[in-house]
Amino acid sequence: MKRSLSFLLAFAAACPALAGFATPTKKIALDYGQKQTTVVFEADCTITAAKPHCDCTTVTVNGNKLTAVVDTSTFDASVDKTIAATTADGMQTTLTMKFDVPQAVVFSPAILVWKIGEAPTPKVLHITVPKGSPVKSLKEAGLEGDDFIYKAAKGKRKGEYTVTVTPKSTAKRLRNRLVIKMESDNPLFAQRIIFLRVNK
C-alpha cells in the first residue's frame with residue numbers, strides 16, 4: 001500500500017494535474033526556397049509517444065522535449081503540418097506547425113473556372129513577381145490542349161503580367177492546363193500549372 005502511494009505521488013510530481021503542451025501551435029516563417037527547418041515543442045511532463053502526420057516530418061523525443069525536423073523543400077504555399085503526441089499522464093495532443101511560405105510568384109486567381117452553358121467570356125489571370133523574389137521574370141505561358149485560347153501580356157509595372165484565357169465553348173465539361181514557365185536559378189520556381197475548368 002505504501003509503495004502504491006509512493007508511486008502515485010511520484011507520478012503526480014512528474015505530471016502536473018494540468019499537464020500538456022503550453023504552446024501546442026507554432027507559427028514558422030520560412031525564407032524563399034528554404035529546404036529544412038527545426039521546430040521544438042515542450043510539455044509539462046514526459047512525452048511517451050509522437051507520430052508526425054506527414055512524411056516530410058521526422059521527430060525525436062527527449063524527456064519532455066519534442067524536436068521536429070521538417071523537409072520544407074517542396075512547400076510552395078503556406079501550409080499546416082501536425083504531430084500526434086502523448087504525454088505520461090495519458091493526454092493526447094495534436095501539435096500544429098503553421099508554415100508561412102513567402103510567394104515567389106502570386107497568381108490570382110489560382111484556377112480559372114467557367115460553368116457549363118454560360119457565355120464563353122474571357123477571364124484574366126494576374127501574375128505578380130514580388131520584390132526580392134527568386135523568380136526573375138515570366139518566360140512564357142503555354143496551353144496544354146486546344147479547348148481554350150489565351151493571350152499573355154506584360155503589365156504596366158515591373159514584375160506584373162496578365163494572361164487572358166477564353167474557352168472556345170462552354171457547352172460541355174472541359175479540363176485543360178495553362179503552363180507558366182519562369183526564369184529562376186531555383187528549379188522549384190521554374191514552372192507553375194494553372195488549371196482551366198468548365199464545370200457544371
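Reckoned from all heavy atoms, side chains included, excluding hydrogens, waters and symmetry mates.
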Handout entry: Heavy atoms of other groups near Lys65 NZ, more than 12 under 6.0 Å
Key = no
[atom1]-[atom2] distance between [X] and [Y], expressed to the nearest 0.5 angstrom:
X      : Y      : atom1 : atom2 : value
Ile111 : Leu196 : CD1   : CG    : 8.0 Å
Gln34  : Asp71  : CD    : CG    : 11.0 Å
Asp89  : Cys45  : CG    : SG    : 4.5 Å
Met182 : Ser137 : CE    : OG    : 10.0 Å
Lys154 : Ile127 : NZ    : CD1   : 13.0 Å
Lys200 : Lys115 : NZ    : NZ    : 13.5 Å

Problem - Ile47: which of Thr86, Val59, Leu66 passes side chain to side chain contact (heavy atoms under 4.5 Å, CB included) - result: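 It is Leu66, the one option of Thr86, Val59, Leu66 that forms the side chain to side chain contact (heavy atoms under 4.5 Å, CB included) with Ile47.
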Exercise for the section: Can you sort out the partners of Phe75 under ring pair (Phe, Tyr, Trp, His ring centres under 6.0 Å), two or more places apart, ordered by chain and number? Expected result: Phe99
Practice task
Among residues two or more places apart or on two chains, list those pairs meeting ring-ring contact (aromatic ring centres under 6.0 Å, His included) that have a residue in residues 107-158.
Solution key: Trp114-Phe148
[X] (side chain) donor-acceptor with [Y] (main chain) under 3.5 angstrom:
X      : Y      : value
Thr23  : Thr25  : no
Ser169 : Ala171 : yes
Arg175 : Phe195 : no
Lys26  : Val40  : yes
Ser78  : Asp100 : no
Thr72  : Gln36  : yes

Does any non-hydrogen side-chain atom of [Y] lie less than 4.5 Å from one of [X]?
X      : Y      : answer
Thr93  : Thr87  : no
Asp146 : Lys168 : yes
Thr94  : Pro24  : no
Met97  : Val70  : yes
Ile28  : Thr37  : yes

Exercise for the section: Just jot down the side-chain hydrogen bond (donor to acceptor under 3.5 Å, both in side chains) partners of Asp80, sequence neighbours excluded, or say none. Expected result: Lys98
Show me the donor-acceptor pairs within less than 3.5 Å that the side chains of residues 155-166 make with the rest of the protein, sequence neighbours left out.
| residue | atom | partner | partner atom | Å |
| --- | --- | --- | --- | --- |
| Tyr161 | OH | Leu138 | N | 3.3 |

Completion exercise
The complete set of side-chain hydrogen bond (donor to acceptor under 3.5 Å, both in side chains) pairs with one or both residues in residues 47-64, sequence neighbours excluded, reads His53-Thr82
Exercise for the section: Compute whether any side-chain donor of one residue and acceptor of the other, for Asn186 and Ser184, lie under 3.5 angstrom apart. Expected result: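 No, Ser184 and Asn186 have no side-chain donor paired with an acceptor closer than 3.5 Å.
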Exercise for the section: Verify whether one side chain among Thr170 and Glu118 offers a donor that lies under 3.5 Å from an acceptor in the other. Expected result: no
Handout entry: Electrostatic pair Asp185-Lys136, nearest N-O below 4.0 angstrom
Key =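 Yes, this pair counts.
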Exercise for the section: Might you point out which heavy atoms bring Pro109 and Leu125 nearest each other, and give the distance in Å? Expected result: O-CD1, 3.1 Å
Exercise for the section: Please list, chain by chain and in numerical order, all residues satisfying side chain to side chain contact (heavy atoms under 4.5 Å, CB included) with Val179, sequence neighbours excluded. Expected result: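 In terms of side chain to side chain contact (heavy atoms under 4.5 Å, CB included), with neighbours along the sequence ignored, Val179 is linked to Glu144, Lys181, Gln191, Ile193.
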